[in-house]
Amino acid sequence: MNGTTPRWVAAAASVGVVAAAVHGAPAVTAATPIRRRLWPTLSGLGARDRVAVTFDDGPDPDSTPAFIRVLDATDVQATFFLLGQMLEKDPSLGRRLVENGHDLGLHGWSHRCLLGRGPRATYEDMARGQDALTRQCGLRPRWYRPPYGVLTTSAVRAARRLDLTPVLWTTWGRDWSANATAESVSSHVRRRLAPGGTILLHDSDCTSAPQSWRSALAALPGLIDEIRDRGLVPGPLRDHWSVEAAKLSVSTTNRSGDGTR
């Protein structure tokens with residue numbers, strides 16, 4: 001041995017780098033400014049007279065019922081991105097969401113960043129979550145939001161196989177932190193609140209600071225008033241655009257997920 005790296009080792013390393021880059025390429029969509037410019041529907045941009053209200057990480061028996069009550073009191077329906085693991089703990093909450101007219105999306109079976117999952121594990125997680133939602137709630141989800149908003153090639157391909165449309169957000173409340181307050185959540189959401197946008201809040205603290213959901217809950221009525229004061233209609237993703245239009249728009253991201261970007 002002369003200390004020189006064998007060519008096959010260097011070649012294998014190069015292949016590994018390329019494979020990792022292709023796998024993680026769609027993760028660039030997690031950057032909100034880039035996503036809004038290049039993939040508007042993936043960001044949740046829809047009809048300019050509406051604003052979609054969405055929640056992640058539930059359903060949680062300790063918190064989701066409080067969000068349901070506020071939405072009922074303000075006559076607003078929303079889209080809840082559910083975790084299969086959480087739903088299995090209390091299936092009745094998922095059914096209650098449907099009975100109250102809310103829309104469902106899939107957040108996966110477990111809340112784990114997809115950059116650490118391969119194609120098979122990604123598909124199995126998403127398929128298991130979709131099956132739980134369909135079986136327990138009697139409603140097949142149409143939307144998919146990856147944990148942490150990080151897409152991968154494997155997730156894009158799995159979403160296509162499962163007939164799910166990936167949707168992220170245009171503005172969020174940063175309501176997962178221990179120091180979040182109703183005022184800070186409102187301020188963050190309002191910063192990028194615009195016609196046709198999608199708001200991300202959390203109705204559970206299962207992956208956040210304990211009790212952090214209370215900041216989102218306290219901010220919610222004021223945010224709904226703000227939307228309406230601007231002449232916009234708060235509601236679920238199903239009213240934002242048609243499923244067909246969403247799939248057509250997000251197909252650009254799907255092709256990018258195949259490594260063409």
Side-chain angles (χ1 to χ4, degrees), residues 44 46 50-112 114 121-149 151 155 158-169 175 198-208 213 216-217 220 224 234-244 246-247 250:
R50 306 192 66 86
V51 170
V53 180
T54 71
F55 300 91
D56 283 7
D57 292 358
D60 190 327
D62 292 332
S63 50
T64 301
F67 285 86
I68 294 175
R69 288 193 292 270
V70 169
L71 293 170
D72 283 350
T74 53
D75 195 26
V76 172
Q77 293 174 337
T79 297
F80 287 78
F81 284 88
L82 307 187
L83 289 167
Q85 280 185 336
M86 295 296 289
L87 177 63
E88 290 290 343
K89 294 178 180 179
D90 192 346
S92 65
L93 261 182
R95 292 191 291 272
R96 182 178 171 187
L97 287 170
V98 174
E99 290 167 358
N100 284 48
H102 299 294
D103 194 17
L104 299 186
L106 174 67
H107 203 32
W109 173 259
S110 62
H111 200 281
R112 176 182 166 189
L114 297 179
T122 297
Y123 178 81
E124 289 178 349
D125 179 271
M126 293 170 61
R128 186 180 182 187
Q130 184 186 57
D131 176 69
L133 266 66
T134 303
R135 175 168 39 84
Q136 299 289 8
C137 304
L139 179 67
R140 187 178 180 87
R142 294 181 289 178
W143 324 110
Y144 173 65
R145 179 174 288 159
Y148 306 104
L151 279 169
R160 186 184 303 163
R161 288 179 61 186
L162 295 168
D163 197 27
L164 291 164
T165 299
V167 183
L168 300 183
W169 58 86
D175 52 348
T198 291
I199 297 172
L200 163 62
L201 298 171
H202 293 79
D203 65 308
S204 171
D205 61 9
C206 69
T207 64
S208 308
W213 58 268
L217 181 69
L220 185 56
I224 291 172
L237 283 169
R238 64 167 177 254
D239 297 336
H240 222 36
W241 12 245
S242 69
V243 176
E244 291 72 20
K247 288 180 178 177
V250 84

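Quick caveat, the model's predicted, so the values are computed rather than measured.
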> Do Phe55 and Leu97 have side chains that get closer than 4.5 Å, going by heavy atoms?
Replying inline: no

> Within the side chain of Asp103, is there an N or O that forms a donor-acceptor pair under 3.5 Å with the backbone of Arg238?
Replying inline: yes

> If only atom types and distance count, is the side chain of Gln136 paired as donor or acceptor with the main-chain N or O of Leu87 below 3.5 Å?
Replying inline: no

> So, for His107 and Tyr144, which heavy atoms are closest and what is the spacing to 0.1 Å?
Replying inline: C-CE1, 4.3 Å

>> I want to check something: taking the side chain as every heavy atom from C-beta on, are Cys206 and His111 in contact at a cut-off of under 4.5 Å?
In response: no

> Which heavy-atom pair separates Pro147 from Ser110 by the least distance, and what is that distance?
Replying inline: CG-O, 3.9 Å

>> Please find the pair of heavy atoms, one from Gly149 and one from Trp169, that lie closest to each other, and give the distance.
In response: CA-CH2, 3.7 Å

> Can you name the residues that form a side-chain contact (heavy atoms from CB on, under 4.5 Å) with Asp72, not counting sequence neighbours?
Replying inline: Ile68, Asn100, His102

> Going from OG on Ser63 to CG on Leu217, what distance comes out if it is rounded to the nearest 0.5 angstrom?
Replying inline: 8.5 Å

> Can you tell me if Thr64 uses its side chain to pair, donor with acceptor, with the backbone of Pro61 under 3.5 Å?
Replying inline: no

>> Less than 4.5 Å apart, side chain to side chain, heavy atoms only: is that true for Leu114 and Tyr148?
In response: no

> Below 4.5 Å, heavy atoms only, C-beta onward: do Gln130 and Pro141 meet side chain to side chain?
Replying inline: yes

> If we only count heavy atoms from C-beta on, is the Gln85 to Trp109 side-chain gap below 4.5 Å?
Replying inline: yes

>> Can you pull out every salt bridge (Lys or Arg N to Asp or Glu O under 4.0 Å) where at least one residue sits in residues 90-99? Sequence neighbours excluded, please.
In response: none

> Within the distance-only criterion (no hydrogens, no angle test), does the side chain of Thr54 pair as donor or acceptor with the backbone N or O of Ile199 below 3.5 angstrom?
Replying inline: yes

> Could you state the interatomic distance from OG1 (Thr79) to CG (Leu82), rounded to the nearest 0.5 Å?
Replying inline: 10.0 Å

>> Contact between Leu106 and Arg145 at the side-chain level, heavy atoms closer than 4.5 Å - yes or no?
In response: no

>> Let me confirm one number: the CZ-CG distance from Phe81 to Leu133, rounded to the nearest 0.5 Å.
In response: 11.0 Å

>> Using modelled atom types and a 3.5 Å cut-off, is there a donor and acceptor pairing between side-chain atoms of His202 and backbone atoms of Asp175?
In response: no

> Do the side chain of Asp203 and the main chain of Asp60 share a donor and acceptor less than 3.5 angstrom apart?
Replying inline: no

> What are the two closest heavy atoms between Asp57 and Met86, and how far apart are they?
Replying inline: O-CG, 3.6 Å

> Mind checking whether Ser204 and Asp56 have side chains closer than 4.5 Å, heavy atoms only?
Replying inline: no

> To the nearest 0.5 Å, what is the distance between CZ (Arg50) and CG (Asp239)?
Replying inline: 4.5 Å

> What's the spacing between Glu88 CD and Leu83 CG if we round to 0.5 Å?
Replying inline: 12.0 Å

> What are the two closest non-hydrogen atoms of Gly84 and Ala132, and how far apart are they?
Replying inline: CA-CB, 4.4 Å

> When rounded to the nearest 0.5 angstrom, what distance separates CZ in Phe80 from CG in Leu104?
Replying inline: 9.0 Å

> Of all heavy-atom pairs between Val167 and Gly44, which one has the smallest distance, and what is that distance?
Replying inline: CG1-CA, 4.0 Å

